[in-house]
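Let me begin by presenting the structure, written as structure tokens, before commenting on it.
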Amino acid sequence: MSVITLCAIYFIIWWLVLFAVLPWGATSAHESGIEVEPGHAPSAPIRPMMIRKLVATSIIAGAILAAGLWLFQAGILTLDGVAKAP
């Protein structure tokens with residue numbers, strides 16, 4: 001498998017994991033009972049902690065890619081097997 005293919009697969013996995021990680025620990029002003037200033041969305045998170053979420057996303061995506069690459073190298077996961085899956 002080429003490096004470009006691995007980068008493309010990592011990119012796709014990373015985006016999927018990011019959308020799964022974004023809600024972790026997010027608390028909105030509405031949920032906390034904090035008064036919202038006019039013009040601000042009450043559903044916006046108070047502290048989004050994006051750096052922490054980006055790091056967690058990168059680590060999780062790397063682990064998923066490593067597991068998938070190991071399964072592919074071991075012959076457990078093949079392209080023919082994926083194509084025949086129901």
Side-chain angles (χ1 to χ4, degrees):
M1 202 176 287
S2 73
V3 174
I4 295 174
T5 304
L6 288 175
C7 289
I9 293 171
Y10 179 78
F11 179 76
I12 293 169
I13 293 171
W14 193 90
W15 274 105
L16 290 172
V17 172
L18 175 66
F19 287 115
V21 169
L22 278 176
W24 291 0
T27 305
S28 67
H30 176 70
E31 293 172 338
S32 298
I34 299 172
E35 188 65 30
V36 180
E37 295 180 25
H40 288 244
S43 59
I46 297 170
R47 291 183 48 221
M49 299 180 293
M50 286 304 297
I51 299 296
R52 187 179 297 175
K53 291 177 183 180
L54 294 175
V55 170
T57 299
S58 299
I59 292 170
I60 294 169
I64 292 171
L65 181 67
L69 186 59
W70 179 77
L71 290 172
F72 183 75
Q73 294 292 333
I76 299 169
L77 181 66
T78 62
L79 294 177
D80 291 334
V82 171
K84 294 178 186 175

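In this chain, residues are counted from 1 in sequence order. Note that the coordinates shown come from a computational prediction; the quantities given were computed from them, not determined experimentally.
- Under the 4.5 Å side-chain contact rule for hydrophobic residues, Phe11 and Val17 share a cluster.
- Listed here is the closest heavy atom pair of Leu6 and Leu65: O-CD2, 4.1 Å.
- The two residues Ala29 and Val36 have their closest heavy-atom pair at CB-CG2, 3.7 Å.
- Trp14 approaches Ser58 most closely through the heavy-atom pair NE1-OG, 3.1 Å.
- For Ile51, the CD1 atom counts as loosely surrounded, since its 6.0 Å shell holds 12 or fewer non-hydrogen atoms of other residues, nucleotides or ligands.
- Ser28 approaches Ile46 most closely through the heavy-atom pair O-CD1, 3.8 Å.
- The minimum heavy-atom distance between Thr27 and Ser32, with the atom names listed, is CG2-OG, 3.0 Å.
- Side-chain contact between Leu22 and Met50 is present, with at least one heavy-atom pair separated by less than 4.5 Å.
- Atoms CD1 and OG1, from Ile13 and Thr57 in turn, are 12.5 Å apart once rounded to the nearest 0.5 Å.
- With a 4.5 Å cut-off on side-chain heavy atoms, Val21 and Leu54 do not count as touching.
- Residues Ile9 and Phe19 share a single hydrophobic cluster, defined by chaining ILVMFWY side chains whose heavy atoms lie under 4.5 Å apart.
- In the hydrophobic clustering of ILVMFWY residues, with side-chain heavy atoms under 4.5 Å counting as a link, Leu16 and Leu77 come out apart.
- Rounded to the nearest 0.5 angstrom, Tyr10 OH and Ile64 CD1 are separated by 10.0 Å.
- The minimum heavy-atom distance between Lys53 and Ala26, with the atom names listed, is NZ-CB, 4.1 Å.
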